[in-house]
Amino acid sequence: MIRITFPDGSVREYQKGISSYEVAVSVSPRLAADVYSATVNGELRDLSRPIDTDATLKLHKWDDPEAKHAFWHSSAHLMAEALESLYPGIKFGIGPAIESGFYYDVDPGEGKVITDADLPVIEDRMKELAAKNSPIVRNEVSKKEAMELFTKKGDEYKTELISELEDGTITLYRLGNFTDLCRGPHLPDTSSIKAIRVLSLAGAYWRGDEKRKMMTRIYGITFPKQKMLDEYMVMIEEARKRDHRRIGKELELFAFSPKVGMGLPLWLPKGADMKQRLTDFMTRVLKERGYVMVSTPHIGNVELYKTSGHFEKYGADSFRPITTPQEGEVFMLKPMNCPHHCEIYNATPHSYRDLPIRMAEFGTVYRYEQSGELHGLTRVRSFTQDDAHHFCRPDQLKDEFKSIIDLVQYIFKIAGFNEFTAQISLRDPSNKEKYIGSDENWEKAERAIIEAAGEKNLTTSIAIGEAAFYGPKLDFMVRDAIGRRWQLGTIQVDYNLPERFELTYMGSDNQKHRPVMIHRAVFGSMERFVAVLIENTAGKFPLWLTPDQAVILPISEKFNDYSKTILNFLNNSDIRTLIDDRSEKIGKKIRDNELKRIPYLLVIGEKEVESGTVSVRRQGEGDKGVMKPDEFISLIKDEISKEIGI
RNA sequence: GCCUCCUUAGCUCAGUGGUAGAGCAGCUCACUCGUAAUGAGCAGGUCGUGGGUCCAACUCCCAUGGGAGGCUCCA
């Protein structure tokens, strides 16, 4: 007999060799039906594997990521089984579970392609195979045996993976006729895979290396119930409706034109208006926080970027240089504001008493991004950063970091980004030659970031080896409608530029010292920030920011004169107001303006004219009753004050 | 840049070899209306562009522009 300890501390005795699944059944058959994998003595395991010793056991139900992982990983194997039966000779790369679903990278063979039209066929075959309820069988073999098996099969991708594994036991999992190299864990069989959808195709370089073969990546998702798949598809569809590219077009915020060039956004009046409002707001906040505003040109002499080191590192991947016709001077489109800011620093002498200097600019930069990378407003070739550089003494580093984290937290809160993630990127200590700067400086900077984040109660993850070559950084990421993460805010320590630009300040010891530089952005870029804001709000912007705050809806033309009086009154009181005086019925006007996400609709008919009032309707909430125009203005001002405190 | 797919009216989309169609939006007219779609009429496209095959191409083929989803990249 063996003793199994459950997460609640209770202990039960079982026959040696019982499986986790059998344990689940003994607790409750209902539980067993919703369990997909188990953690035995801290090790993630198949439900069907026997337990031979006393153990702690946690059974993973669907809501646990571990359960979904096993479910989707087994689904990837099911898809592979289907693919192998449909495309004999197909070769397999890797096929993991991901956040939502799974994929498998395959090589269909020379001259063969899998296209979108094949997806339903694959899906149907998966359904047939799943219905067989075949067991998924775990098998331990030696490295040599595994190598022989996949060599015989001609699966060179698998043999490459095996050759890199440690000697010792290698686990294989067999489902039907398909055997895969795999660590597991897996479902006991395919009986629980009830709903299957093969979603999409993509190219993916083998092992993420662009010099190697382009595999075909097939994405899919599965669920234990059809209803869950239906709900998932509805959710995806809802997310698509929030896509900033779609809403941006609908609300006439921005556009792209092939004539202007890909990745070069055009801000339409309403979008430009909003962007300006964000800029004004940020400028006010920055001034309160001790920043000074500067302004620099859109181009700079190539020597500037040679000094900064950007030319050497990115020159080949930049827009081609611009040359003057007479003198042949060479300029670059500005890819960064920092070199310019360094020269601003150098334009005047600095005492240690002046520091920190917080120099900010809404600077438009131009970067050559690969065409396949461009994406709406989130990845463009021309964008405006809310850029700033802190020039400080080494002893001020941590406080400066804290002030920036505080600023980011403040702005994100106002923007409603409550679910951002923060990542600290440190250098890879085993690869020091990739980075510039002394060990001492790196350690100091990394410690300052970690401590500052801790003192601001910021939950962070740490990524080793993700630092920039010139210093560690802290990035703030927010998700878009379909779950992709975009970096908005960033804080980066830089020891490189102060050196290269020979920045100095006079210390209390009457000696010249080198300041430390911190690059930081909060919005990241105006473009990306607006994009994420659109997707997070579905276009229902906060009142202070939205292009049009109110629309007046006269019930008929008879009330147009009074309505226009109100229109002027509100606009003169800084309420951004429009009038919809089309000869349409009131229901139609309400519908159209609700769809335009106008926060307040003011209905005006005979009653309102007689009593000198407006009838207020809040978007999404319906009729709020009548009030005097003055009261409406207070209502709006109060709401804005709650949003941004003015 | 690479892989797969898409590209028809301002927007969303039908149209599988016989020289283009709907809904919404727009314009005109009528209606003058009370909280999410009033009715009628009109107008709008060299089917992204350039080649080719064919008696005939929106439709098939090639090239190219643009877009989507990924991969690689992202100072």
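Letters A, B, ... are given to chains in the order of the sequence lines, protein chains preceding strands, and every chain is numbered from 1. These numbers were taken from a predicted model, which means no experiment stands behind them.
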Ionic contact status for A:Arg617 with A:Glu594, cut-off 4.0 Å
yes
Assign [X] to base, sugar-phosphate, or nothing according to its heavy-atom contacts below 4.0 angstrom with the strands shown.
X: A:Ala204; value: sugar-phosphate
X: A:Gly605; value: base
X: A:Glu606; value: base
X: A:Lys558; value: sugar-phosphate
X: A:Glu584; value: base
X: A:Thr216; value: nothing
X: A:Val365; value: nothing
X: A:Ile586; value: sugar-phosphate
X: A:Lys607; value: base
X: A:Gly587; value: sugar-phosphate
X: A:Tyr470; value: sugar-phosphate
X: A:Arg217; value: sugar-phosphate
X: A:Asp116; value: sugar-phosphate

In this structure, how many angstroms lie between the [atom2] atom of [N] and the [atom1] atom of [X], rounded?
X: A:Arg381; N: B:rA75; atom1: CZ; atom2: P; result: 16 Å
X: A:Asn337; N: B:rA75; atom1: CG; atom2: P; result: 15 Å
X: A:Glu610; N: B:rG34; atom1: CD; atom2: C1'; result: 14 Å
X: A:Asp592; N: B:rC11; atom1: CG; atom2: P; result: 18 Å
X: A:Met214; N: B:rC71; atom1: CE; atom2: P; result: 11 Å
X: A:Asp475; N: B:rC74; atom1: CG; atom2: P; result: 13 Å
X: A:Lys596; N: B:rA37; atom1: NZ; atom2: C1'; result: 14 Å
X: A:Tyr368; N: B:rG1; atom1: OH; atom2: C1'; result: 7 Å

Base B:rC5 to side chain A:Ser200, donor-acceptor N/O within 3.5 Å cut-off
no
Let's test your reading of the model: under 3.5 Å, does the base of B:rG34 pair with the side chain of A:Glu608 as donor and acceptor?
yes
Hunt down the Watson-Crick or G-U wobble partner of B:rU4, both distances under 3.5 Å, from any strand shown, or write none.
B:rA68
Both distances below 3.5 Å, Watson-Crick or wobble geometry, any strand: find the nucleotide opposite B:rA22.
B:rU12
With a 4.0 Å limit, can you tell me whether [X] has a side-chain N or O closer than that to the phosphate oxygens OP1/OP2 of [N]?
X: A:Arg245; N: B:rA68; result: yes
X: A:Tyr205; N: B:rC2; result: no
X: A:Lys249; N: B:rG67; result: no
X: A:His375; N: B:rG69; result: yes
X: A:Arg484; N: B:rG70; result: yes

Can you tell me how far C1' in B:rG51 sits from the matching atom in B:rA57, rounded to whole Å?
13 Å
For a quick check under 3.5 Å, do A:Thr421 and A:Gln423 share a side-chain donor-acceptor pair by atom type?
no
